[in-house]
Amino acid sequence: MSNTRRNFLKGVALTAVATASMKADELLSPVQKVPNASNFGPFIALTQDGKIIDILPHPLDRRPTAMTKMWLDRVYSPTRIKYPCVRKSYLEGKKGHEKLRGKEEFVRVSWDKALELVAQKIKDTPKENIYNATYIGWSHPGGIHSCPSLCGRFFNVAKRGAIGTAGEYSNGAAGAVNVDIIGDVEAYSLQTTHEEILANTKTYVMWGADLFKCNKIDTKVPNHENDLYYPKYAKSDINFISIDPIYTETAQMFKARWIKIRPNTDIALMLGMMHHLYTSGKYDKEFIAKYTDGFDKFLPYLLGQTDKTPKTPKWASQITTIDEATIIELAELFVKDRTFLAGNWAMQRAQHGEMADWCLIVLASMIGQIGLAGGGVGFSMHFGGGGQAKSNIGTPAGISQGRNRVEDRIPASRIADAILNPGKKYTYKGKEKVYPTVKIAYVAGCSIVGHHPDTNNIVKALRTLDTFVVQEPWWTPTAKMGDIVLPACTSLERNDIAMGGVHAKNCVYAMKKAIEPLYESKSDLEIFSLLAKKFGEKVYNKFTDEKPNEMDKIKYEYDISPTAQLLSFEEFWEKGYIELPRDEEAYKFVRHAKFRKDPIANKLATISGKIQITVPKFSELNYKDFTGYPTWIEPAEWLGDKNRKYPLHLLSPHPSYRVHSQADNTYLRSFYKINDREPVMINPNDAKKYGINHGDVVEIYNDRGAVLAGAFVTKNISEGVMALSEGAWYAPENTTSQKPRCVSGHVNVLTSNRPTSSMAQATSVNTNLVAIKKATGVIPPNTAYNPPKIIEA
Ligand SMILES: Nc1nc2c(c(=O)[nH]1)N[C@H]1C(S)=C(S)[C@@H](COP(=O)(O)OP(=O)(O)OC[C@H]3O[C@@H](n4cnc5c(=O)[nH]c(N)nc54)[C@H](O)[C@@H]3O)O[C@H]1N2
Ligand SMILES: Nc1nc2c(c(=O)[nH]1)N[C@H]1C(S)=C(S)[C@@H](COP(=O)(O)OP(=O)(O)OC[C@H]3O[C@@H](n4cnc5c(=O)[nH]c(N)nc54)[C@H](O)[C@@H]3O)O[C@H]1N2
Ligand SMILES: [Mo]
């Protein structure tokens with residue numbers, strides 16, 4: 001064929017293709033770019049003809065993660081709840097129906113029928129027996145459709161309240177005591193900036209703080225600005241030390257020196273360091289005298305005068321497995337260099353967790369650098385963009401809850417205990433309390449079956465309730481346990497507004513509706529509004545504040561905020577976001593600097609106005625498991641127990657590519673699951689000992705239950721320790737067993753429901769021993785993402 005002819009034919013072919021695609025384009029409407037935002041980051045949804053076709057990075061996301069892409073998959077997931085459903089025997093009013101929760105098929109009902117059932121139950125039940133279980137639930141960052149705010153507001157308006165929650169899972173132990181120790185909860189407070197760290201810090205100790213992983217997401221909207229600083233950290237002369245049973249991605253990035261600590265023994269390590277600093281006279285006596293109170297009452301314990309056990313480095317070495325010379329070397333390094341101690345929260349999510357922050361604060365006090373640029377201690381470097389400079393311009397708030405007239409608040413991690421033991425006495429923050437009788441639980445945007453320790457126990461508790469209402473976009477393990485299940489739409493199917501960053505507070509995002517609600521789902525605001533309507537026009541008007549329309553609410557919240565002075569609502573909404581300026585001074589912030597400068601004028605909110613090394617009111621409680629100064633108390637399950645029943649310590653870190661359980665039902669999991677099970681990190685020596693190879697399906701078990709997981713054999717975890725991230729969707733094997741094996745790898749099947757202590761009653765999910773073996777026989781498929789059977793009546 002001549003060249004001319006060939007080119008001619010090619011030209012015809014190209015033209016034909018071009019014409020065909022032009023025709024297709026003409027049929028389709030133009031692509032729209034719709035800005036939205038989530039706990040995974042802000043993003044732009046591309047839509048066409050009422051469908052989302054792709055997810056693109058947002059201009060305010062400094063380092064977008066691959067995670068936001070999953071929104072496409074998540075919105076159109078086969079796990080979506082399509083219409084209101086009621087569990088069959090609940091609908092039929094059968095006696096003993098509650099025992100079938102999570103095991104039975106659902107019946108499709110109309111919205112009106114479902115809401116009528118919920119409203120009638122709530123009307124018939126005293127508010128003192130209704131538990132608003134929508135508390136810390138992460139759901140989404142929107143202010144107008146905020147599940148905790150809407151659910152609280154609904155109960156406060158319709159019933160004058162409901163039983164609430166005290167404390168939280170995240171920081172429940174330290175959060176109950178830190179104000180009496182250092183005048184602030186610390187976990188959510190502004191941190192010393194990256195600029196000050198880079199300019200001044202010589203030694204940076206990540207005391208279990210996984211900066212990179214934990215900052216990928218935010219309770220608000222992450223801007224991932226920290227990811228611009230981490231390469232600078234890595235290139236700097238800062239000497240990074242990571243004290244953690246895992247050699248984290250952050251530690252790898254900073255080439256940190258890895259101090260492998262036995263889980264739950266950090267208090268002993270800190271005490272060992274303090275003993276050395278005291279006996280060698282190398283601690284900062286002036287700081288202790290000027291800025292702290294009660295050191296003299298703590299000393300007899302440190303020196304062993306009260307219990308015949310001096311807390312020497314040698315003593316600490318036996319408990320922690322870190323050698324004595326290293327403990328001494330590190331203590332001396334910390335006082336020599338400008339040292340920053342970055343605490344984490346996992347340490348206090350363990351038995352006696354109340355002591356973790358406290359002990360680190362006392363160690364930091366002896367080092368004497370609290371309040372100095374690049375020195376001291378911080379408990380939020382790993383959270384919500386810790387280290388970023390803050391904007392001082394007020395951002396729009398969300399729906400307010402109003403007043404709850406029910407006094408009862410169940411401590412977050414005591415829910416199962418409370419439901420199973422109505423009338424039982426317990427203590428909380430030094431007060432005697434009694435568990436209420438819970439008949440109804442209402443949960444919206446919160447994963448009780450996922451987040452609560454000891455899954456078999458919480459399932460047992462939920463199977464005693466009269467009614468369990470779940471409001472969810474997806475058939476999560478919690479939704480599958482519901483009696484009445486209300487399909488919420490996702491945050492891409494409604495309009496909302498969100499703020500960016502727990503710490504920087506420098507962005508406001510329009511969360512614009514990309515598509516109409518799928519199937520019969522409705523927005524959280526609409527669901528609660530319709531429910532309020534069932535209580536009469538007055539309740540409805542009060543609930544909606546006479547602004548039933550979501551756009552009116554968004555505009556109202558925006559207009560009354562100081563942000564509106566920078567950009568009109570119309571311009572903001574059109575643009576889709578606003579970045580708020582930060583003063584030059586903001587980049588120079590140093591935590592506790594004011595206190596250091598003038599401890600009288602800027603005294604702390606403690607009894608002495610100083611850091612409390614001893615808290616007299618804590619001593620007066622005379623609890624066995626919580627004391628008036630930081631002490632080492634052996635956990636109930638740990639590797640130092642020679643008579644332990646199970647050989648390995650199991651940790652449940654927060655997942656790298658999820659927000660807890662969120663997005664487990666998306667393609668993201670194909671990047672990290674092993675045989676479609678949650679990966680469990682295990683050291684090569686342990687793997688060899690138990691006959692396990694990388695990639696094997698394994699069974700992890702203890703007295704509380706058993707799960708299947710995928711073995712991830714790696715030197716990046718200490719021997720004797722395993723890590724199974726929290727949040728895999730629970731999938732019980734289909735048996736009659738009271739403790740069915742979870743085939744997906746949900747860690748809470750194995751974790752303990754034991755409280756941290758009589759003080760905070762917080763969760764101790766990081767205090768567990770387990771055994772592991774290779775799974776044998778037929779390996780069942782992972783059924784976690786199968787919706788339940790639904791009868792279309
Ligand atoms: N990607 C992602 N980030 C998140 C979350 C998420 O779901 N995904 N969740 C957010 C939430 S709600 C919270 S509360 C925070 C949680 O923040 P953290 O509680 O600090 O985070 P974890 O991942 O549980 O644990 C951090 C590190 O602590 C180590 N660790 C565990 N036990 C011990 C111990 O006894 N001693 C020492 N020294 N180290 C120990 C673990 O090995 C792990 O590397 O993270 C937030 N960030
Ligand atoms: N073993 C172990 N357990 C832990 C932890 C641990 O470290 N180890 N950490 C604990 C901590 S710190 C925390 S904070 C908790 C977290 O516990 P949760 O906050 O309960 O966890 P999430 O999985 O984020 O649950 C949020 C739910 O909201 C739903 N949702 C999302 N968007 C919407 C929406 O628009 N509307 C409605 N109605 N629902 C929506 C999601 O599908 C999901 O089911 O877990 C705790 N549990
Ligand atoms: Mo949390």
Side-chain angles (χ1 to χ4, degrees), residues 38-40 65 67 74 134-140 142 145 147 150-151 168-172 187 206-210 212-219 222 242-251 259 261-266 269 343-350 356 379 382-384 412-413 443-453 470-474 476-479 486-491 493-494 496 523-524 527 649-665 681 717-718 721 723-727 729 746-748 750-751 763 765-768:
S38 72
N39 299 121
F40 299 85
T65 75
M67 287 193 284
R74 198 178 185 209
T134 303
Y135 42 108
I136 48 95
W138 269 62
S139 55
H140 62 87
H145 293 279
C147 293
L150 288 172
C151 199
E168 53 170 24
Y169 286 87
S170 308
N171 191 54
M206 297 182 286
W207 212 304
D210 194 345
F212 175 60
K213 177 195 75 182
C214 287
N215 275 314
K216 281 183 189 168
I217 60 109
D218 197 314
T219 32
S242 173
I243 304 178
D244 196 312
I246 297 174
Y247 195 56
T248 62
E249 235 180 301
T250 317
I259 306 296
I261 188 160
R262 181 184 265 169
N264 293 194
T265 66
D266 300 79
L269 174 60
N344 77 347
W345 303 351
M347 264 195 293
Q348 57 86 61
R349 247 182 275 111
F379 293 96
H382 67 289
F383 191 71
S413 91
V443 57
C446 185
S447 150
I448 292 197
V449 175
H451 71 226
H452 200 78
V470 182
Q471 183 171 318
E472 255 291 338
W474 299 277
T476 60
T478 303
L486 307 174
C489 66
T490 71
S491 43
E493 296 154 59
R494 60 196 185 208
D496 210 332
S523 76
D524 288 299
I527 298 173
H649 195 112
L650 182 69
L651 297 174
S652 47
H654 284 229
S656 278
Y657 303 106
R658 290 193 298 264
V659 169
H660 314 294
S661 74
Q662 299 198 58
D664 198 39
N665 55 334
M681 287 174 83
I717 188 155
S718 313
V721 186
L724 184 62
S725 290
E726 53 109 2
W729 282 24
H746 174 40
V747 72
N748 278 327
L750 303 162
T751 58
T763 185
V765 276
N766 281 322
T767 304
N768 324 281

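Order of appearance sets the numbers: ligands from 1, and atoms from 1 within every ligand.
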Asks: Examine the proximity of ligand 2 to P453 and report which part, side chain or backbone, both or neither, has a heavy atom under 4.0 Å away.
Replies: neither
Asks: Does a donor on one side chain and an acceptor on the other come within less than 3.5 Å for N665 and W729?
Replies: no
Asks: Answer yes if the ring centres of H654 and H660 are under 6.0 angstrom apart, and no otherwise.
Replies: yes
Asks: Backbone or side chain, does any N or O of G445 fall under 3.5 Å from an N or O of ligand 2?
Replies: yes
Asks: Does the plane of the ring in W345 sit parallel, tilted or perpendicular to the ring in F383? Use 30° and 60° as the thresholds.
Replies: tilted
Asks: For C147, take its heavy atoms, then give the atoms of ligand 2 lying under 4.0 Å from any of them.
Replies: 36 (N), 37 (C), 38 (N)
Asks: Of all the atoms in ligand 2, which lie at a distance below 4.0 Å from a heavy atom belonging to V747?
Replies: 1 (N)
Asks: Any idea which part of R494 is under 4.0 Å from ligand 2, heavy-atom wise: side chain, backbone, both or neither?
Replies: side chain
Asks: By number and element, which atoms of ligand 2 are closer than 4.0 Å to a non-hydrogen atom of A488?
Replies: 36 (N), 38 (N)
Asks: Can you produce the list of protein nitrogen or oxygen atoms under 3.5 Å from a nitrogen or oxygen of ligand 1, alongside each distance?
Replies:
| unit_1 | atom_1 | unit_2 | atom_2 | d |
| --- | --- | --- | --- | --- |
| ligand 1 | 1 (N) | K213 | O | 3.1 |
| ligand 1 | 1 (N) | P655 | O | 2.8 |
| ligand 1 | 1 (N) | S656 | O | 3.4 |
| ligand 1 | 3 (N) | K213 | O | 3.4 |
| ligand 1 | 3 (N) | C214 | O | 3.4 |
| ligand 1 | 7 (O) | H660 | N | 3.0 |
| ligand 1 | 8 (N) | P655 | O | 2.8 |
| ligand 1 | 8 (N) | R658 | O | 2.9 |
| ligand 1 | 9 (N) | H654 | ND1 | 2.8 |
| ligand 1 | 17 (O) | H382 | NE2 | 3.3 |
| ligand 1 | 19 (O) | A346 | N | 2.9 |
| ligand 1 | 19 (O) | R349 | NH1 | 3.4 |
| ligand 1 | 19 (O) | R349 | NH2 | 2.6 |
| ligand 1 | 20 (O) | W345 | N | 3.1 |
| ligand 1 | 20 (O) | H382 | NE2 | 3.3 |
| ligand 1 | 23 (O) | K213 | NZ | 2.6 |
| ligand 1 | 23 (O) | H654 | N | 2.9 |
| ligand 1 | 28 (O) | G208 | O | 3.2 |
| ligand 1 | 28 (O) | N344 | ND2 | 2.9 |
| ligand 1 | 35 (O) | N264 | N | 2.8 |
| ligand 1 | 35 (O) | D266 | OD1 | 3.3 |
| ligand 1 | 36 (N) | D266 | OD1 | 2.7 |
| ligand 1 | 36 (N) | D266 | OD2 | 3.4 |
| ligand 1 | 38 (N) | I243 | O | 3.0 |
| ligand 1 | 38 (N) | D266 | OD2 | 2.8 |
| ligand 1 | 42 (O) | D244 | OD1 | 2.7 |
| ligand 1 | 44 (O) | D244 | OD1 | 3.3 |
| ligand 1 | 44 (O) | D244 | OD2 | 2.8 |
| ligand 1 | 47 (N) | C214 | O | 3.0 |

Asks: I'd like to know if P473 contacts ligand 2, where contact means a heavy-atom distance under 4.0 Å to any ligand atom.
Replies: yes
Asks: Within ligand 2, which atoms have a heavy atom of D524 less than 4.0 Å away?
Replies: 34 (C), 35 (O), 36 (N), 37 (C), 38 (N)
Asks: Should S447 be counted as touching ligand 2, given the test is an N or O pair under 3.5 Å?
Replies: yes
Asks: Rounded to the nearest 0.5 Å, what separates atom CG in N171 from atom CG in N344?
Replies: 10.0 Å
Asks: Give a yes/no verdict on a cation-pi contact between K216 and Y657, requiring under 6.0 Å between NZ or CZ and the six-membered ring centre and an angle within 45° of the axis.
Replies: yes
Asks: As an exercise, identify every atom of ligand 2 less than 4.0 angstrom from a heavy atom of G137.
Replies: 19 (O)
Asks: What class does the angle between the rings of Y169 and H451 fall in, given that below 30° is parallel, 30 to 60° is tilted and above 60° is perpendicular?
Replies: tilted
Asks: Could I get the full list of side chain to side chain contact (heavy atoms under 4.5 Å, CB included) partners for T250, not counting sequence neighbours?
Replies: M206, D210, L211, F212, T248, F254
Asks: Considering the heavy atoms of N748, write down every atom of ligand 2 situated less than 4.0 Å from one of them.
Replies: 1 (N), 2 (C), 3 (N)
Asks: Which residues pass the side chain to side chain contact (heavy atoms under 4.5 Å, CB included) test with D218, not counting sequence neighbours?
Replies: K220, P222, V502
Asks: Is it true that N748 and T751 share a donor-acceptor pair across their side chains at a distance under 3.5 Å?
Replies: yes
Asks: What residues, two or more places apart in sequence or in another chain, satisfy side chain to side chain contact (heavy atoms under 4.5 Å, CB included) together with P245?
Replies: I261, P263, L651, S718, V721
Asks: Measuring from R74:CZ to D664:CG, what's the distance to the nearest 0.5 Å?
Replies: 10.5 Å
